[in-house]
S.K.: 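I'd like to ask you about the structure that follows.
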Amino acid sequence: RTNKVPHRTTMVARDRRRAAVVASVVPLAALLHPGHAFYLPGVAPQEYGPGTKVDLKVNKLTSTKTQLPYEYYRLPYCKPEAIENVAENLGEVLRGDRIVNSMYDLRMGVDESCKVLCRKELSDKEREQFAEFVSQEYRVHWILDNLPAATKFVDDSVPGEPVTVYDVGFPMGFRGSADIPNTKDGVSYLNNHVAITIKYHKDASFEGSRIVGFEVEPSSVKHTYQGSWSDQSPPKLTSCSGGAGPHALSGGAEAIFTYDVKWEQSDIKWASRWDTYLLMGDEQIHWFSMVNSLMIVLFLSGMVAMIMARTLRRDLSRYNDVEAKEDAAEESGWKLVHGDVFRPPAAAGLLAVYVGTGAQVFGMAFVTMIFALLGFLSPANRGGLMTAMLMLYVFMGAVAGYVAARLYKMFRGTNWKANTLKTATMYPGIVGVVFFVLNLFIWGQKSSGAVPFGTLFALLCMWFGISMPLVFVGSYFGYKRPVIEHPTRTNQIPRQIPEQPWYMSPVFCVLVGGILPFGAVFIELFFILSSIWLHQFYYVFGFLFVVFIILLITCAEITIVMCYFQLCSEDYHWWWRGYLTAGSSGLYLFCYSLVYLSTKMVVVRSISVVMYVSYMLIAAYTFFILTGTVGFGACFWFVRTIYGEVKVE
């Protein structure tokens, strides 16, 4: 077939392949899933007999340059008379998936060669539409037996070690250049012919055949034929034997869409059919980078723990030594603020709201990762990850209400109903407003990424009908519990805080405190961003879980260290600083996302930049709440522990 899509060896393509994953390097999943195969719980394979019709469904058109998905039939492709929509879950709708039927006639085991799908007379406007989408590098996404269509190519970036890699979807077309024969520089060419290769597996343990691979090789062919065209009995094409030039969108109005079908028997078992999709190039670099990050963080954590243990042991022995009481009283130290350290902070109710929301986000993230490790959120379950996160966040509302109420009561707050309402509305309200405004812009672009108003209404019902009542239920039980008692009494008159050196200023300490938690995750963050914005699979949940645990430990330890130094300086305003110290890592995450935008992405529309920045702001804000809550919890435990060990007269 002439004029195939040119081989892509750009850095963007390599980064996209890195963002894909390989199940064999997942440290925890290796214990849960022996070997390379995985089964998605609740999904059974489907067998096809000889000549049985196999449905090819079309999904959407996506581009890394615009980040705006579109429905397949938004462009004048060959369209069946009756469109049948496939039922989609909440996650699929939010992702912009729109799965419908197609005209492709595939029969199990029946090969086809240059079969005509349809002939279209394209208007000038339709050709311009195709050309615009081709210039923006849109890719076509199909689905066959729950497998996404993929283009196969060989990654020869490592000399002597070529690796066959799948790139999900296939290009809609390409731009002509001097390097591509029979093309003109700057002209858009449409891939109107596809060579479909379907791999199947047969075994004595079941009847029929199971589909284990779905490859598509697109090409551009300026089809020719003899005589006049008839849709009832299309004439034989004279361009199928090769030698025809590519189909330029600047040429005539006629476009003939054709396809080949080739069935190949494969030794790949149905349970392992996703392995090729999840195969990642440069896995050794990924692995050693992760190990290096873990070793650095664990080394720093060990040093911090050793220093804190020795220093605290010396302080406690000195403060509790009866003979050294007079000396201790004259010295400066964290014991001197025991009468003020548990004084309620400014905006105590808001702090309780943030900590409660953070507990909700933490619960959602932790349970989601457990489900992912168990295989429930594999790529085979499209939209499952997003659906699970939304549902878990909603049902974790009871945790948010309980934690916020316990803290608010400890701060001697009285208006618990208003504070509970803030807990239920603040974070989802901020995220919801940003999401709704963005959705209006996306809707203006007529993208399938715009969430339908019916789905928006369903989200509002989940918020007000499930999440908010659960927050009030949790708050009711939290407020009914006895108040948290502190180990020391609070003085009536606040102690004067001595002048602090510049390196103990709140802004400096907060900014320094966020560096280490961000450093623990920024390597994995690169792969996560690549999977989100470069449209690739992410399935190294074992790595992600380890990084998540390291993040929790790092947030806790850096907050404890900074809190200890602050109390030693006789500054007892630790409540908010304990939250902001670890939470400032969200600021670094957002800054890193801007660096990623400028170095790894090529964006051609202003709305795409606005969408990227807005969504990354939401992600950074969520990360701030999560890490801030972990840091606050560790700091709260630390302060209560050390002052509980001090003998105060």
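Since the structure is predicted, the reported quantities are computational estimates derived from the model, not experimental observations. Hydrogens, waters and symmetry mates are skipped; everything else that's a heavy atom, side chains included, is used.
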S.K.: Just so I know, are the side chains of F362 and L552 near enough to count as touching, which here means a heavy-atom distance under 4.5 Å?
M.R.: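 F362 reaches L552 side chain to side chain.
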S.K.: Determine whether a donor-acceptor pair (N or O, by modelled atom type, separation under 3.5 Å) exists between the side chain of T554 and the backbone of P517.
M.R.: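 Looks like no, no N/O pair under 3.5 Å.
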S.K.: Could you check whether any side-chain N or O of W576 sits under 3.5 Å from a backbone N or O of A346, counting only pairs where one atom can act as donor and the other as acceptor?
M.R.: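 Pair found, side chain donor or acceptor close to backbone of A346.
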S.K.: So, S530 versus Y596: side-chain donor-acceptor pair below 3.5 Å or not?
M.R.: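 Checked: S530/Y596 side chains pair up, N/O donor to acceptor below 3.5 Å.
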S.K.: Would Y427 and T622 count as a side-chain hydrogen bond (donor to acceptor under 3.5 Å, both in side chains) if you check the C-alpha gap in whole Å, the side-chain angles of each, and the deciding distance to 0.1 Å?
M.R.: CA-CA 9 Å; Y427 173 75; T622 305; 2.6 Å; yes
S.K.: I'd like to know if the side chain of E88 and the backbone of I99 have a donor-acceptor N/O pair within less than 3.5 Å.
M.R.: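 Side chain of E88 to backbone of I99, a donor-acceptor pair under 3.5 Å: yes, one is there.
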S.K.: Give the intermediate values and the outcome of side chain to side chain contact (heavy atoms under 4.5 Å, CB included) for residues T559 and F632.
M.R.: CA-CA 8 Å; T559 308; F632 174 84; over 6 Å; no
S.K.: For V510, is there any backbone N or O sitting under 3.5 Å from a side-chain donor or acceptor partner on S584?
M.R.: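 Answer holds: yes.
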S.K.: Which class fits the ring pair F435 and Y615: parallel under 30°, tilted 30 to 60°, perpendicular over 60°?
M.R.: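 Geometry flag for Y615 against F435: tilted rings.
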S.K.: Between the side chain of S475 and the main-chain N/O of V471, is any donor-acceptor distance below 3.5 Å?
M.R.: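 Not a single qualifying donor-acceptor pair exists.
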S.K.: Is there a side-chain contact between Q67 and V603 in this structure, where contact means two heavy atoms from C-beta onward sitting under 4.5 Å apart?
M.R.: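 The answer is no, as the side chains (C-beta and beyond) never meet within the 4.5 Å cut-off.
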S.K.: What's the verdict on side chain to side chain contact (heavy atoms under 4.5 Å, CB included) for L594 and M616, showing C-alpha distance, side-chain angles and the deciding distance?
M.R.: CA-CA 9 Å; L594 297 181; M616 291 313 302; over 6 Å; no
S.K.: Tell me, do S608 and M601 make a side-chain contact under 4.5 Å, heavy atoms counted?
M.R.: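 In short, these two side chains do not touch, never coming nearer than 4.5 Å.
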S.K.: For this output row, return yes or no: ring centroids of W416 and Y408 closer than 6.0 angstrom.
M.R.: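 Here the rings of Y408 and W416 have centres that are no less than 6.0 Å from each other.
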S.K.: Checking F548 against L626 for the side chain to side chain contact (heavy atoms under 4.5 Å, CB included) test, could you report, in this order, the C-alpha distance in whole Å, the side-chain angles of both residues, the deciding distance, and whether it holds?
M.R.: CA-CA 11 Å; F548 183 67; L626 171 64; 4.0 Å; yes
S.K.: Is the distance between the ring centroids of W575 and F411 under 6.0 Å?
M.R.: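 Between F411 and W575, which both carry aromatic rings, the centre distance is below 6.0 Å.
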S.K.: What's the separation between atom OG in S585 and atom CG in L511, rounded to the nearest 0.5 Å?
M.R.: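 Rounded to the nearest 0.5 Å, the OG-CG separation comes to 11.5 Å.
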S.K.: Taking all heavy atoms of A352 and all of N419, pick out the closest pair and write down the distance.
M.R.: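 Looking at all heavy atoms of both residues, the closest pair is CB-ND2, 4.0 Å.
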S.K.: Which heavy atom in P69 sits nearest to a heavy atom in R95, and how many Å separate them?
M.R.: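 In this case the closest contact between P69 and R95 is CG-O, 4.2 Å.
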S.K.: I'd like to know if the side chain of N89 and the backbone of R382 have a donor-acceptor N/O pair within less than 3.5 Å.
M.R.: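 Side chain of N89 to backbone of R382: a pair is present.
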S.K.: Closest heavy-atom contact between T64 and L534?
M.R.: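 Scanning both residues completely, I find the closest heavy atoms to be CG2-CA, 3.8 Å.
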S.K.: More than 12 foreign heavy atoms under 6.0 Å from CZ of F464: is that the case here?
M.R.: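 Yes - once you tally the heavy atoms of other residues, nucleotides and ligands closer than 6.0 Å, there are more than 12.
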S.K.: Assess the pair F624 and Y579: is the distance between their ring centroids shorter than 6.0 Å?
M.R.: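 Yes.
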S.K.: Parallel under 30°, tilted from 30 to 60°, perpendicular over 60°: which one fits the rings of F366 and F545?
M.R.: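 Judged by the thresholds at 30° and 60°, the geometry between F366 and F545 is tilted.
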S.K.: For the OH atom on Y476, are there more than 12 heavy atoms of other groups (residues, nucleotides or ligands in this structure) within a distance under 6.0 Å?
M.R.: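 No - once you tally the heavy atoms of other residues, nucleotides and ligands closer than 6.0 Å, there are 12 at most.
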S.K.: What verdict does the side chain to side chain contact (heavy atoms under 4.5 Å, CB included) test give for F436 and V451, after you've listed the backbone C-alpha separation in whole Å, the side-chain angles of each residue and the deciding distance to 0.1 Å?
M.R.: CA-CA 9 Å; F436 181 75; V451 179; over 6 Å; no
S.K.: Does the R98 side chain pair with the main chain of S448, one donor and one acceptor, at a distance under 3.5 Å?
M.R.: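 Looks like yes, one N/O pair under 3.5 Å.
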S.K.: Looking at V521 and F623, what are the two nearest heavy atoms and their distance?
M.R.: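 Shortest heavy-atom contact: CG2-CZ, 4.1 Å.
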S.K.: Without swapping roles, check the side chain of Q566 against the backbone of M504 for a donor-acceptor pair under 3.5 Å.
M.R.: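 Side chain of Q566 to backbone of M504, a donor-acceptor pair under 3.5 Å: no, none is there.
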S.K.: With a 6.0 Å cut-off (strictly less than), is the heavy-atom count around CZ of F472, excluding the residue itself, greater than 12?
M.R.: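 Yes, the 6.0 Å shell around CZ holds more than 12 heavy atoms from other groups.
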S.K.: Using modelled atom types only, decide if a donor and an acceptor are shared between the side chain of R640 and the backbone of E485 within a distance under 3.5 Å.
M.R.: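 Yes, R640 side chain to E485 backbone: donor-acceptor pair under 3.5 Å.
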S.K.: Which pair of heavy atoms, one from I442 and one from A450, lies closest together, and at what distance?
M.R.: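 So the minimum-distance heavy-atom pair works out to CG2-N, 3.4 Å.
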S.K.: With distance as the sole test, does N491 use its side chain to make a donor-acceptor pair with the main-chain N or O of I493 at under 3.5 Å?
M.R.: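 No, N491 side chain to I493 backbone: no donor-acceptor pair under 3.5 Å.
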